[in-house]
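If you read the sequence from its start, that first residue is 1, and numbering goes on from there. Hydrogens, waters and symmetry mates are skipped; everything else that's a heavy atom, side chains included, is used.
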Amino acid sequence: MTPSALASNDALAAIASCSSTEVVGTGHGSLRPRIFVQIASYRDRECQWTLRDLFTKAAQPERIFAGVVWQYVPGEDADCFRIETRPEQVRQLMVHARDSLGVCWARHLAQRLWRDEEFVLQIDSHSRFEPGWDELLLEQWAACESERALLSAYPPAYLPPDKLEPAVTYMVCAGFNDQGIAMMRAYSMAPANAPSRPRLGAFISAGFLFGPAAMIGDVPYDPYLYFHGEEISLAVRLWTSGWNFFSPCKPILYHLYNTAQTRELKLRGLHWEDHRDWVIHDRRSLARVRHLLAGEPCDEPLALRELDRYGLGRQRTLAEYEAFSGLSFAQRQVAEKALKGLFSTTP
């Protein structure tokens, strides 16, 4: 995989400021449905192996297409590009790491690489898969019995190169942090103890989100967020736009978590370690989320850019989401059902 040309600042600005999520389709192939996998990679040596595993483990790799936003430093990060897998099925945007504005900005650009595939899977650049993961996802999605269903959970862990730790997880709220952002955690169980059907939930994981591509048009990714607040903001925007969340009842995807053990491997860089101005982006991002969800006043115009486009949906209200999820954003309170994931009724 040879990085050819970096996107210029003008090109990045044009993509990031685009006001429509429509893109020109490439026509339908013989394999349907197709799955577009969008990946934001920041100086991550694991991404090349993620792509290899993605295609190698797919039951029908011909129907898989990936869109990768590579944020890297030419010369220094050559080891991120040692191998390439099915390059004709991988769309790439090459960005100098110094021009990156963070993960949400990069996910927004990755979303722009979609080309009319029927389903979309968002993952992190350090992931592994179960054999036949594409069929598993489609089967689990069908079992939700809703055209507006999205599958999402914090994936169980893997250790490089390919040591998987199978588990079934669902998401619960861990409470509000000091910045007033609702944080999530995973409840994990052995696959043998998992329920027989996908489990209804109220939260989503940005590192594992799968569903019909219509969600791209309904809820385009907010490029003005930085890190914390990404998942709860996206969850509320999707839910108020009429989407319902389910956690799979089978292992499908695995994630490389940032632990002391994995940090020693030095497999990837971190945006906030390279960018001194990350605190500015983070402060604006947190203010944006609190304004959107808790109605907190904000007098910084840059924190509220295009909030009409990246705001709440119109199918359901914020109050209805709070009642369903058990969260109170203004009061920073969490009900028992949010802490335990007790979402047993149909939304």
Side-chain angles (χ1 to χ4, degrees), residues 16-17 19 21 101-105 107-108 111 122 148 150 152 171-185 200-206 209 215-245 277-343 345-347:
S17 65
S19 60
T21 58
L101 297 179
V103 64
C104 295
W105 174 85
R107 293 198 208 275
H108 173 86
Q111 199 172 68
Q122 177 172 288
R148 305 284 286 179
L150 299 175
S152 191
M171 297 178 66
V172 300
C173 184
F176 285 83
N177 67 12
D178 293 340
Q179 289 77 39
I181 303 300
M183 306 297 291
M184 309 305 152
R185 66 177 181 87
L200 183 67
F203 312 118
I204 60 97
S205 162
L209 180 61
M215 69 172 167
I216 293 178
D218 284 358
V219 185
Y221 225 84
D222 188 344
Y224 301 114
L225 296 183
Y226 186 69
F227 186 65
H228 285 151
E230 171 191 14
E231 292 178 328
I232 189 59
S233 170
L234 182 59
V236 179
R237 292 177 61 217
L238 285 165
W239 198 91
T240 56
S241 298
W243 293 92
N244 302 315
F245 313 142
D277 61 350
W278 76 269
V279 292
I280 299 174
H281 299 302
D282 187 52
R283 185 187 70 245
R284 290 173 180 164
S285 175
L286 296 172
R288 183 179 182 87
V289 175
R290 292 193 299 263
H291 179 83
L292 178 69
L293 302 182
E296 182 177 302
C298 177
D299 58 3
E300 186 172 2
L302 289 178
L304 304 180
R305 287 176 293 182
E306 295 190 272
L307 201 57
D308 54 341
R309 183 182 178 208
Y310 301 109
L312 302 180
R314 299 181 179 180
Q315 300 300 312
R316 295 183 284 211
T317 67
L318 176 61
E320 288 174 316
Y321 178 81
E322 290 184 311
F324 172 68
S325 68
L327 300 183
S328 172
F329 294 107
Q331 301 299 321
R332 301 186 184 183
Q333 294 178 347
V334 185
E336 182 180 19
K337 67 177 180 179
L339 294 170
K340 296 184 177 180
L342 303 176
F343 312 108
T345 60
T346 302

L225 side, atom CG; L292 side, atom CG - distance, nearest 0.5 Å: 8.5 Å
For the student: nearest non-hydrogen atoms of A202 and A235, plus distance: O-CB, 4.2 Å
T240 to G313 - nearest heavy-atom pair and separation: OG1-N, 2.8 Å
Inter-residue atom distance L318.CG - S325.OG, 0.5 Å rounding: 8.5 Å
Which atom of R290 lies closest to which atom of I181, heavy atoms considered: CG-CD1, 4.2 Å
Qualifying residues under ring pair (Phe, Tyr, Trp, His ring centres under 6.0 Å), relative to F227, sequence neighbours excluded: W272
Any donor-acceptor N/O pair, S205 side chain to S152 backbone, under 3.5 Å: no
Partner residues of E300 under the salt bridge (charged side-chain N to carboxylate O under 4.0 Å, His left out) criterion, sequence neighbours left out: R283, R284
Summary of side chain to side chain donor-acceptor pair (under 3.5 Å) pairs that have at least one residue in residues 226-238, sequence neighbours excluded: R107-E230, Y154-E231, Y221-E230, Y226-H271
Heavy-atom pair of closest approach, residues A338 and L327: CB-CD2, 3.9 Å
Those residues that, when tested against D178, pass side chain to side chain contact (heavy atoms under 4.5 Å, CB included) (two or more places apart): none
Whether H291 side chain and P297 backbone form a donor-acceptor pair below 3.5 Å: no
C173 to M184 - nearest heavy-atom pair and separation: CA-SD, 3.7 Å
Straight-line distance of W239 CH2 to T317 OG1, nearest 0.5 Å: 7.0 Å
Trace of the side-chain contact (heavy atoms from CB on, under 4.5 Å) decision for F245 with L238: CA-CA 9 Å; F245 313 142; L238 285 165; 3.8 Å; yes
Backbone of L302 reached by a side-chain donor or acceptor of R288 within 3.5 Å: no
Spatial distance of atom CD (Q122) from atom CD1 (I216) [nearest 0.5 Å]: 9.5 Å
Heavy atoms of other groups near D299 CG, more than 12 under 6.0 Å: no
Pairwise distance OG(S285) to CH2(W278) - rounded to 0.5 angstrom: 11.0 Å
Residues that Q315 engages under side chain to side chain contact (heavy atoms under 4.5 Å, CB included), provided they are two or more places apart: none
Heavy-atom pair of closest approach, residues V219 and S241: CG2-OG, 3.5 Å
Worked verdict on Y321 versus L312 for side-chain contact (heavy atoms from CB on, under 4.5 Å): CA-CA 11 Å; Y321 178 81; L312 302 180; over 6 Å; no
Results of side chain to side chain contact (heavy atoms under 4.5 Å, CB included) for E336 - residues two or more places apart only: K340
V236/L293 under side-chain contact (heavy atoms from CB on, under 4.5 Å): CA gap, chis, key distance, verdict: CA-CA 8 Å; V236 179; L293 302 182; 3.8 Å; yes
From H108, R305, E306, residue fulfilling side chain to side chain donor-acceptor pair (under 3.5 Å) relative to Y224: E306
Near-ring test F324/F343, centroid separation under 6.0 angstrom: yes
